[in-house]
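The block underneath contains the structure these notes are about, expressed in structure tokens.
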Amino acid sequence: MRLLYQILWKDHSRAHLLGAFLGTLAGFVLLLAGIQFYMDIKGILSDNRDLLDPEYIVINKKVNIGQTLGLSRVGFKPDEIEEIRGQPFADQVAPFISNEFPVSAYTENERFPDFFTDLFFEAIPDEFIDVKSEEWQWDLEKGTIPVIIPQDYLNLYNFGFAPSQGLPQIPKGIISMVNFKLRLQGQVRGNYDDYQGRIVGFSNRVNSIMVPLDFLEWANQKYGYFKKSDPAQLILVSKNPTDPSIIRFLEERGYDTIREKLKSSRMNIILKFILSFLVIVAAIIIGLAFLVFLLSLQLMISRSSEKIRRLNKLGFHYREISRPYILLLLLLMAGITALSLLFTSLLAGQLHHRAETWSMDVSSSLHGIIYGTALGLILLISIANIGAILISTKKLCK
Amino acid sequence: MTIRFEKMIPLPMLEQDTSGSEVWEAEALLLHQEKRYVVEAASGRGKTSLLSIIYGIRSDYRGKVFLDDRDLSTFTLKDWSLLRKEKLSFIFQGLELFDDLTGLENIRLKNNLTGYHKDERILEMAQLLGVDSFLKRKAGILSFGQQQRMAIIRALCQPFDFLLADECFSHMDHENSLRAYKLILEECEIRGAGLILTSLNETGLPKADLNLKI
């Protein structure tokens, strides 16, 4: 029905439609690019946390000369822990429990060089640990003790120690395969047991050698004979880690934390905030452009209202009359989808190029979610517009 | 198809004197497909209203109208569009041509919808009415008489049980009116269709089956 298109397309307002097209396109590129970079940066900072996730902060007392000389203790006293618990920024606080008996680790394996070291353990409740592993379970029957070590230790070895000593670097997967023995020693000479040890994960959050809490409680019961000491470290969860009162409080009390980590996670948060802001702005632009779309199509229909009534009198059904408007809409939408994906992937390519020189890993291709978002939004806008077109043409028909 | 009115009167006619009208005063009125009706009256007697109500573009009336025993008020938009493609054709007094389209395009717009006539027949009809040389001109620049003939040809480009012709010869000379009337009757004959033709005054056309006083 070429004639139908000829009749009804005549009354379009090129300026309105072009404006709506460009506005929606700009909004889409902004939104898609925002999501693309958000995904990339999320990958780079790789702590898999979302903007609204709470911050885990490990704090300890500053070591001073008094402690070195044994005049004051390094641990947190119960009333100090209570005080921290009472702070508005602290949503949850848990002390680190440490071993109260000697621990040592050694290897008994032909494939690895022999190795023996004294060790320490610490434990906190599972919900504070950033490693989720099915192996993170203590089972006396199996006798394997799962251990989590800091990611930093592995980095220290791989990027510091190994290259300087001419040793091979070890990927995470291999380390988990290394079997080693853990010897837990009781007070009486000869009262010791050997267990199988296994590294099940690497923590970015806790700078300590971690074992499951129930294991350590059990082991302290069985082997422990050291004088109970106050916990040297606390982990606290804050829903509002940007709260400056945290740092103020820590300084006043002479407590210490890994500032850099706090700082980088704050940077992370700021970046994510900026990107979220970008996405919100894009959403507003898309929303407005959508309105312009809706209004220009409605204007087009109302300009053609006489013609639509006439076509209806000649026997055209309102769905047939709607078709030219729907086709126009879909053509514009297809254009917006194609162009916005094109521009976004060009931008991604550019960023990939730049990021390479900073040796950052930014993907040059679009993330799957980009296609999903684009199609989902286009579908939403199209359906809403088609609905409006059908309603307003129907109104003109008898 | 039959058209039946039961005490039907357009709301605006209620304020007028309709005494003597065979349409508005009738208890019931039945129009048969095989007949040709001519409704002659001065303007303002509701001729166009009558046709518009049958065609479903006006619904401001009291009483009931049935097409084949189905109440008009139960027709959906889809029913109406089917009806206008297959059962009812209307030659509008206001013509309802698209000025921007040529005469031929105006005719084709309808013919494409129904696929009723071949291009040759359209040309033939245009020749019969003496407007074949105007087919390629924009309808907006044709004279009203020429436009009327385009509208007549367009109305014939579909199957129908009833042809509703609203003062369709008003701007044609007697000779052209006769030719157009002849064509209309022929096309009605082919379809076995009824005709309801309104006219302002004595048309001088060959006798219809029934003159309705409105």
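Naming convention: chains lettered A, B, ... in sequence-line order (proteins, then strands); numbering from 1 in each chain. Computed over heavy atoms, backbone and side chain alike; hydrogens, waters and symmetry mates excluded.
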Looking at [Y] and [X], is there a salt bridge between them, counting it only when a charged N and a carboxylate O are closer than 4.0 Å?
{"X": "B/E187", "Y": "B/R121", "value": "yes"}
{"X": "B/E6", "Y": "B/R4", "value": "yes"}
{"X": "A/R309", "Y": "A/E306", "value": "yes"}
{"X": "B/K87", "Y": "B/D68", "value": "no"}

- Message: The test is side-chain hydrogen bond (donor to acceptor under 3.5 Å, both in side chains); show your working for B/S199 and B/E40 and say whether it passes.
- Response: CA-CA 5 Å; B/S199 177; B/E40 282 174 346; 4.7 Å; no
- Report the option among A/R319, A/K313, A/K394, A/R2 that has the most heavy-atom pairs separated by less than 4.5 Å from atoms of chain B.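 Top option by heavy-atom pairs under 4.5 Å: A/K313.
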Sort out for me which of [options] touches chain A most, counting heavy-atom pairs under 4.5 Å.
{"options": "B/L82, B/I57, B/N106, B/L88", "answer": "B/I57"}
{"options": "B/S89, B/G56, B/S81, B/S59", "answer": "B/S81"}
{"options": "B/K78, B/E96, B/E86, B/Q158", "answer": "B/E96"}
{"options": "B/L83, B/T114, B/D100, B/T76", "answer": "B/D100"}

Portion of [X] that has a non-hydrogen atom of chain A nearer than 4.5 angstrom:
{"X": "B/R108", "value": "both"}
{"X": "B/K110", "value": "side chain"}
{"X": "B/L77", "value": "both"}
{"X": "B/F90", "value": "neither"}

- Report the relative orientation of the aromatic rings in B/F75 and B/W80; use parallel for angles under 30°, tilted for 30 to 60°, perpendicular for over 60°.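 Ring orientation, 0 to 90° scale: tilted.
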- Parallel, tilted or perpendicular: rings of A/F273 and A/F277 (30°, 60°):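 Rings of A/F277 and A/F273: parallel, under 30°.
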At a heavy-atom separation under 4.5 Å, does [X] approach chain B through its side chain, its backbone, both, or neither?
{"X": "A/E320", "value": "side chain"}
{"X": "A/K10", "value": "side chain"}
{"X": "A/I7", "value": "side chain"}

- Message: Distance alone, cut at 3.5 Å: any donor-acceptor contact between the side chains of B/S170 and B/Q148?
- Response: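 A donor-acceptor contact under 3.5 Å links the two side chains.
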